Amino acid sequence: MSSLARIAGYLVMLGCVPIVIARGQDSRILAARVQRATAEAVRRSQALAEFQRANARAKLMTDTFATANGTITVMTDRGTAAAARAAMARVDSTVRVLGPRLSLLRGSTLTVQFDSSRRYNSEAKPVAVLRFDTPPIKGTFFTVTPVDADSIAATIEDQTSQRLLQRSATPFASWFLGSLPIRPADLEQEPDWSSVRYDILDSRAVIGKRCYQGELTACSMLLGLTVADDPIMSWYDSLARVDYVREHPNDARAYNRADTDACLAGSDAACGRVLSSMRRLDTPPVGASARSPLVREALLMGGPGAFDRLVSNTASPSDAIAAAAGAPIDSVMRRWQRNVREKSIGSEDLSVKIVLMTLGWIALLLVLSSRISRWR
Amino acid sequence: MFNALFKVQWKGTRAAVLAATIFGFAIPLFSIRALLDAYSDGQSRLTAGNVVRAMQSAGVLYALLAGAAGLVVAFLAWSSDHKGRHLYALSLPVTRSRYSLMRFGAGSLMLLLPSLGVLLGCLVALLIADVPAGMHAYPLALTMRFLLSSFVAFAIFFAIAASSQKAAGVLLSAIALFIVGSTVIAAMGVNVDLISRAGELLFNAPGVLSVFTGRWMLIDV
C-alpha cells in the first residue's frame, strides 16, 4: 500500500473517533433517559394504585367524624359505624387526660372497616380492621379488633397515647417502653409486683439486688433513669461478666478471640472488653415490666394533670416522672421499691378458690361412694 | 367400730403409707439439695430464675406422689372387703353409706401421714438452706396442696373401688371407647381433638384434677 493510501486510512480512522465517542455518549444518555422514564412509570403506576386504593376505601366509608378533641378524623364503613360512634364517646373522655399535647396528633386519620373474611380468635366475633395514620410519622398502624365499642375504644386509646408519645419525641417517650395507663381502670389495676420482683432478682446485675435492698441509686440505674459511663463494669460484678462469656463462648470468640480466652482464664478486665465489643450487658437490665409500674406510681401520686405534665416535659425521664408525680423522683422510686418488696407476696400453690373447688369435688365423690349400692 | 376398721386398714396400708411419708419427706430435701449442689461451686450465681425452675421441676414429684398415695390408700381401703366378698361388712349392723363413710374416714387419716412427711421435709429443707433475698418460702401452702391432691385422688379411686366389678368395667370400657373413638375421629381428618378437650376439662379449673396442675413451689418470689 502506498504511503498516501496509508495516511488516508489513518485520517479516516481518526475521523471515526469522534463519531464513536459521540455514539457512546448517545447510548449513555439514552440509557439514562430510559432509566428515568422507567422510574417515572413505576412512580406513576404506584401513585395510581395508591389513588385507586384510597379512592376505593373512601368510597366505602359511610361515616366520618372527629375524636380526641377534634385531632383525629375517624372514617367508618356501614358495618362498624355504630360500634365506632359508641367507642368515640368513651375515647373522647379517656384521652382528655393527655391534655393540650393531643394537638400534636392533629391531621391523624383512623379508618375502621368491617372485614367479613375473618373472625376474631376462637370466639368467632366479627372483625374490624383499624388503620391509624399520624403524619408526619411514617407508616400506617394496622390492627384487628372485634366489632364492639369497648374493643375499638381500647385500641384507639392505646394508639392515641402511643402515637402521642412518638410525636412528642421527649426523652421520657424514648425511655418509656410500655403503654400509658390512660384509662381509670388501668390506674386502678395493681401491677403484677411479683413479676417485677422476679425480673429484678433474676437479673445478673448486682444493682438488682442492691435496689431490692433499698438502694435508690441502684434502682435508678436498674430502671435506666441514671446513665452509667461503663454499665458493664458498674452494673455487673466479675462473676456475672464471666458467666455471660462462659455461656456464649462462640459468640464472644467471634468478636474478640484473645480477650475471650483471657476472660475464660480468669481476667475480669478481658471479660469487660469482650462484653463491650459484643455490646452486651450495656442496656438497663430491667425493662417495661418495671418501668410501667414506676410511671403508674407517679401518675397516682400526681393526680389531675399528671399525664399532661408527664408527656409535655422535655427534660430527662426522671424529671418528667417527678413532674408528673409532683414530688421528687426519689419519693416515687421509694414508693415503687416498697411495693416491689411488699406487694403480691403469697403462694400461688393454694388459693381459697382451689380449696373450695377441691373440697366440693371430694364431697361429691364421697356422696357418690356412699350411694353405690354394691350390697344389693 | 371405726377404731376396728381403722386398725384393719392401717395393717393393710401402713407399708405404702410409710413409704409415701418417706418420699414426701425426701422430695423437698432433694429439691433444695440439688439446687444447692448445682450452685455451690461459686462458678455461677443463684438467681430467682434458677430457684423457681428448680422448684418447678420438683413440683411434678409432689403431684405424682399425691396421686399415687391417694390411689394406693383407696384401693387398699377396700381390699379386705373384696377378699372377703363383703361378708364381714354385710354382717355388721350398719348401713352401706355409714360403712363407706367410716372406710373413707380411716383412709383419710392415713393420708395425713404423707402430708406430714412433706411438711417436715419442707421445714428441714428450709433449715439447711437460706432462702435467697426477695424470695419467700411457702411450706404450709405446699403441704395443703399436697394434702388436697392426695384427697382428691383418694376420693376418685375410693369411688371406683367401692363400685362393683361391673361398674368398674363399664367405666374402664367407657374410657377406652372414648380414646379409640377420638383416635378414629382424628384419623378421619376431623379437626376436633377430643382427648385434649377432655384433658382441659379435667385439668383446668374447675376440673376434678385441676388441683394437680399449676404451681407446686416451696420457694417462690
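Every value quoted in this text rests on a predicted model; they were computed, and no experiment measured them. Residue numbers begin at 1 in each chain, while the letters A, B, ... track the order of the sequences.
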Using a 6.0 Å cut-off, check whether atom CZ of Phe23(B) has over 12 heavy atoms from anything other than its own residue. no
Shorter than 4.5 Å, heavy atoms on both sides: which option in Asn50(B), Leu101(B), Val152(B) has the most such pairs with chain A? Val152(B)
Segment of Tyr212(A) engaging chain B (4.5 angstrom heavy-atom cut-off): side chain
One should read off an interatomic distance between Ser370(A) OG and Phe104(B) CZ, to the nearest 0.5 angstrom, of 10.0 Å
Does Pro206(B) offer a backbone N or O that forms a donor-acceptor pair with the side chain of Trp361(A) under 3.5 Å? yes
Given a strict heavy-atom distance threshold of 4.5 Å, which part of Ala240(A) is in contact with chain B: side chain, backbone, both, or neither? both
Any donor-acceptor pair under 3.5 Å linking the side chain of Asp202(A) with the backbone of Gly49(B)? yes
Given Leu368(A), Ile354(A), Ile345(A), the one with more heavy-atom pairs under 4.5 angstrom with chain B than any other is Ile345(A)
Just how far is it from atom OG of Ser194(A) to atom CE of Met135(B), taken to the nearest 0.5 Å? 10.0 Å
Starting at CG of Leu350(A), measure out to CG of Leu142(B) and round the result to the nearest 0.5 Å. 9.5 Å
Taking side chain as everything from C-beta outward and backbone as N, CA, C, O, which of these in Val355(A) sits under 4.5 Å from a heavy atom of chain B? Side chain, backbone, both or neither. both
For Phe6(B), does the CZ atom sit with more than 12 other heavy atoms under 6.0 Å from it, leaving out its own atoms? yes
Can you find a pair of side-chain heavy atoms, one from Leu366(A) and one from Phe151(B), that are under 4.5 Å apart? no
Residue selection (most heavy-atom pairs with chain A, distance under 4.5 Å) from Val51(B), Val208(B), Leu148(B), Val211(B): Val208(B)
Does any non-hydrogen side-chain atom of Ser210(B) lie less than 4.5 Å from one of Met357(A)? yes
Turns out that what part of Phe158(B) lies under 4.5 Å from chain A's heavy atoms comes down to both
Given Leu359(A), Thr358(A), Val367(A), the one with more heavy-atom pairs under 4.5 angstrom with chain B than any other is Thr358(A)
Taking every non-hydrogen pair under 4.5 Å, which of Gly207(B), Gly59(B), Gly134(B), Gly214(B) racks up the most with chain A? Gly134(B)
What part of Asp199(A) is in contact with chain B, defined as an atom under 4.5 angstrom from a non-hydrogen atom: side chain, backbone, both or neither? neither
Identify which part of Thr47(B) has an atom lying under 4.5 Å from any heavy atom of chain A, answering side chain, backbone, both or neither. both
Cut-off 4.5 Å, heavy atoms of chain A, and the answer for Val52(B) is side chain
Look up atom OH in Tyr99(B) and atom OG in Ser369(A), then write down how far apart they are to the nearest 0.5 Å. 13.5 Å
Within 6.0 Å of CZ in Arg215(B), more than 12 heavy atoms from elsewhere: yes
Is the count of non-hydrogen atoms from other residues, nucleotides or ligands lying under 6.0 Å from Asp230(A) atom CG greater than 12? yes
